[in-house]
Participant: 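This is the structure I have questions about; it appears just below.
In what follows, every heavy atom counts, from backbone to side chain, and hydrogens, waters and symmetry copies are set aside.
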Amino acid sequence: MTNWSKFVSVTRNLNLDGKGDLMAFNTKLFSGLTAAAFVASSTIAMAEITAKDPDAILRAMQDFGLVATMGKDDGGDPKISSRVSDTKFSVYFYGCEDNMNCASIMFKAGYDLNNGISALKINEWNRDKRFAKAYIDDEGDPFMEFDVNLAFDGMGEKNFADNLDWWRLLVEDFEEFIEW
């Protein structure tokens with residue numbers, strides 16, 4: 001007996017709506033599968049921002065109101081230059097294969113302070129903040145980074161815009177923190 005024969009044999013014994021009707025079962029099954037496929041395709045269609053498409057990220061940043069330009073980093077991977085308020089920052093692409101098909105991005109801003117900042121102060125930031133990490137370079141100048149995983153299915157435009165807003169708020173908070 002084939003799997004299909006077993007399926008038909010089992011479904012004939014089902015009492016659907018008191019009718020025992022295989023056609024009613026098949027109709028319900030088809031409707032359920034169609035609805036599931038529609039929900040799945042709607043979910044996939046919403047994930048429009050991926051690191052595989054740097055131009056989509058650039059457009060999303062511009063749609064958010066940022067002035068942003070596309071370039072390349074030293075390794076040839078995509079790199080977006082932008083600014084929030086008066087602060088210049090870069091968006092680096094990671095997990096790229098031959099400078100394409102990237103998996104994640106990182107927002108990064110650096111600040112050139114006259115007297116630098118202490119590791120103790122930066123540790124205070126890192127202890128209290130969840131989404132961004134900070135460090136100091138060899139001259140004592142602070143940098144802040146914000147990673148966004150866009151691998152596999154990416155994320156929708158609204159979620160990405162929310163991440164851009166988080167970045168904006170973090171930049172403002174960090175500048176206040178370092179007394180910029």
Side-chain angles (χ1 to χ4, degrees), residues 37 39-114 116-117 119 121-180:
V39 169
S41 67
S42 296
T43 302
I44 292 169
M46 290 175 56
E48 298 169 5
I49 306 294
T50 70
K52 291 179 181 180
D53 187 358
D55 290 327
I57 293 173
L58 179 70
R59 281 190 307 276
M61 291 174 67
Q62 292 168 340
D63 289 348
F64 186 74
L66 299 173
V67 174
T69 57
M70 183 66 71
K72 295 198 179 286
D73 67 13
D74 293 338
D77 289 335
K79 175 183 147 187
I80 297 173
S81 299
S82 187
R83 68 178 357 169
V84 62
S85 302
D86 290 328
T87 301
K88 293 180 182 179
F89 70 91
S90 297
V91 178
Y92 293 92
F93 288 71
Y94 287 91
C96 305
E97 300 170 3
D98 298 322
N99 307 116
M100 301 181 318
N101 297 320
C102 306
S104 64
I105 59 174
M106 179 183 64
F107 294 77
K108 183 176 183 177
Y111 300 84
D112 188 15
L113 300 180
N114 291 333
I117 194 167
K121 183 83 168 164
I122 290 298
N123 285 343
E124 180 183 333
W125 170 269
N126 288 329
R127 181 184 60 243
D128 295 340
K129 298 298 179 184
R130 178 176 171 201
F131 292 108
K133 67 180 177 181
Y135 64 92
I136 51 176
D137 68 5
D138 56 356
E139 297 175 1
D141 294 321
F143 285 78
M144 182 178 60
E145 298 176 347
F146 177 66
D147 290 298
V148 179
N149 179 7
L150 295 171
F152 308 109
D153 294 336
M155 69 175 59
E157 289 178 0
K158 287 182 183 178
N159 197 14
F160 189 75
D162 189 51
N163 276 273
L164 292 172
D165 198 41
W166 269 106
W167 172 247
R168 179 189 61 80
L169 292 171
L170 288 164
V171 166
E172 292 171 359
D173 287 351
F174 191 65
E175 290 176 355
E176 184 178 324
F177 180 80
I178 64 172
E179 300 175 6
W180 179 247

Participant: Kindly check if the number of other-residue, nucleotide or ligand heavy atoms within 6.0 Å of CG (Asp86) is above 12?
Facilitator: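 Open: at most 12 neighbouring heavy atoms sit under 6.0 Å from CG of Asp86.
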
Participant: Would you call the rings of Phe174 and Trp125 parallel, tilted or perpendicular, taking 30° and 60° as the class edges?
Facilitator: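 Perpendicular.
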
Participant: Would one find more than 12 heavy atoms of other residues, nucleotides or ligands at under 6.0 Å from atom NZ of Lys72?
Facilitator: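 More than 12 heavy atoms, drawn from other residues, nucleotides or ligands, come within 6.0 Å of this atom.
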
Participant: For the atom pair CE (Met155) and CG (Asn149), what is the distance rounded to the nearest 0.5 Å?
Facilitator: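 If we round to the nearest 0.5 Å, Met155:CE and Asn149:CG are 7.5 Å apart.
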
Participant: With rounding to the nearest 0.5 angstrom, report the CD1 to CD1 distance, Ile117 to Ile122.
Facilitator: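 It is 4.0 Å, given to the nearest 0.5 Å.
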
Participant: Is the shortest heavy-atom distance from the side chain of Ser104 to the side chain of Asp147 under 4.5 Å?
Facilitator: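 No, their side chains stay 4.5 Å or more apart.
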
Participant: Can you classify the ring geometry of Phe146 versus Phe131 as parallel (below 30°), tilted (30 to 60°) or perpendicular (above 60°)?
Facilitator: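 Judged by the thresholds at 30° and 60°, the geometry between Phe146 and Phe131 is perpendicular.
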
Participant: What I'd like to find out is whether the side chain of Met144 reaches to under 4.5 Å of the side chain of Trp167, using heavy atoms alone.
Facilitator: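 When only atoms from C-beta onward are counted, Trp167 and Met144 do touch, with a gap below 4.5 Å.
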
Participant: Okay, side chain of Asp165, backbone of Ala161: is any donor-acceptor separation there less than 3.5 Å?
Facilitator: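 No, the answer is negative, given that no donor and acceptor are paired below the 3.5 Å cut-off.
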
Participant: About how many Å separate CD1 of Ile49 and CE of Met61, when rounded to the nearest 0.5 Å?
Facilitator: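 Rounded to the nearest 0.5 Å, the CE-CD1 separation comes to 11.0 Å.
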
Participant: Heavy atoms only: give me the nearest Cys96-Pro78 pair and the separation to one decimal.
Facilitator: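 Where Cys96 meets Pro78 most closely, the heavy atoms are SG-CD, 4.4 Å.
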
Participant: How long is the straight-line distance from CG of Leu164 back to CG of Leu169, given to the nearest 0.5 Å?
Facilitator: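 Going from CG on Leu169 over to CG on Leu164, the span is 11.0 Å.
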
Participant: Looking only at the side chains, is there a donor atom on one of Tyr92 and Glu145 sitting less than 3.5 Å from an acceptor on the other?
Facilitator: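 There is no such pair between these side chains.
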
Participant: Got a second to check how far Asp77's CG is from Glu97's CD, nearest 0.5 Å?
Facilitator: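 One gets 11.0 Å once the value is rounded to the nearest 0.5 Å.
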
Participant: Give, for atom CG of Asp153 and atom OG1 of Thr50, the distance between the pair rounded to the nearest 0.5 Å.
Facilitator: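 The CG atom of Asp153 sits 9.5 Å away from the OG1 atom of Thr50.
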
Participant: Is the shortest heavy-atom distance from the side chain of Lys88 to the side chain of Ser81 under 4.5 Å?
Facilitator: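 SC-SC contact between Lys88 and Ser81 ruled out.
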
Participant: Please check: side-chain N/O of Asp112 versus main-chain N/O of Asp141, any donor-acceptor pairing under 3.5 Å?
Facilitator: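 Judged by distance alone, no pair lies under 3.5 Å.
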
Participant: Quick one: does Asp73's side chain have a donor or acceptor within less than 3.5 Å of a partner on Lys79's backbone?
Facilitator: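 Answer holds: no.
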
Participant: Measure the shortest side-chain to side-chain distance between Val148 and Trp166 over non-hydrogen atoms and say whether it is less than 4.5 angstrom.
Facilitator: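 A side-chain contact is absent here, since even the closest heavy-atom pair is not under 4.5 Å.
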
Participant: Ile105 and Ala51: which non-hydrogen atoms are nearest, and at how many Å?
Facilitator: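 Minimum heavy-atom separation between Ile105 and Ala51: CG2-CB, 4.3 Å.
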
Participant: Starting from the C-alpha separation in whole Å, work towards a yes-or-no answer on side-chain contact (heavy atoms from CB on, under 4.5 Å) for Trp180 and Leu113.
Facilitator: CA-CA 8 Å; Trp180 179 247; Leu113 300 180; 3.5 Å; yes

Participant: Is any side-chain heavy atom of Ile80 closer than 4.5 Å to one of Gln62?
Facilitator: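 SC-SC contact between Gln62 and Ile80 ruled out.
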
Participant: Do Val91 and Ser82 have side chains that approach each other closer than 4.5 Å (heavy atoms only, starting at C-beta)?
Facilitator: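 When only atoms from C-beta onward are counted, Ser82 and Val91 do not touch, as no gap falls below 4.5 Å.
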
Participant: Between Phe177 and Glu124, which heavy-atom pair has the shortest distance, and what is it?
Facilitator: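 Looking at all heavy atoms of both residues, the closest pair is CE1-OE2, 3.7 Å.
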
Participant: So which heavy atom on Lys133 is nearest to which on Asn126, and how close?
Facilitator: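 Residues Lys133 and Asn126, closest heavy atoms: CA-OD1, 3.3 Å.
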
Participant: Please name the pair of heavy atoms, one in Asp173 and one in Lys129, separated by the smallest distance, quoted to 0.1 Å.
Facilitator: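 Nearest heavy atoms, Asp173 then Lys129: OD2-NZ, 3.8 Å.
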
Participant: Show the nearest heavy-atom pair for residues Met106 and Tyr94, with the distance to one decimal.
Facilitator: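 For Met106 versus Tyr94, the nearest heavy atoms are CE-OH, 3.2 Å.
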
Participant: Does Asp98, at its CG atom, have more than 12 non-hydrogen atoms belonging to other residues, nucleotides or ligands within less than 6.0 Å?
Facilitator: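 Check fails, neighbour count at 12 or below.
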
Participant: Would you say the side chain of Tyr111 lies within less than 4.5 Å of the side chain of Ile178, judging by non-hydrogen atoms?
Facilitator: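 Counting from C-beta outward, Ile178 and Tyr111 do come under 4.5 Å.
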
Participant: Evaluate the side-chain proximity of Ile57 to Phe93: yes if any heavy-atom separation is below 4.5 Å, no if none is.
Facilitator: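 In short, these two side chains touch, coming nearer than 4.5 Å.
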
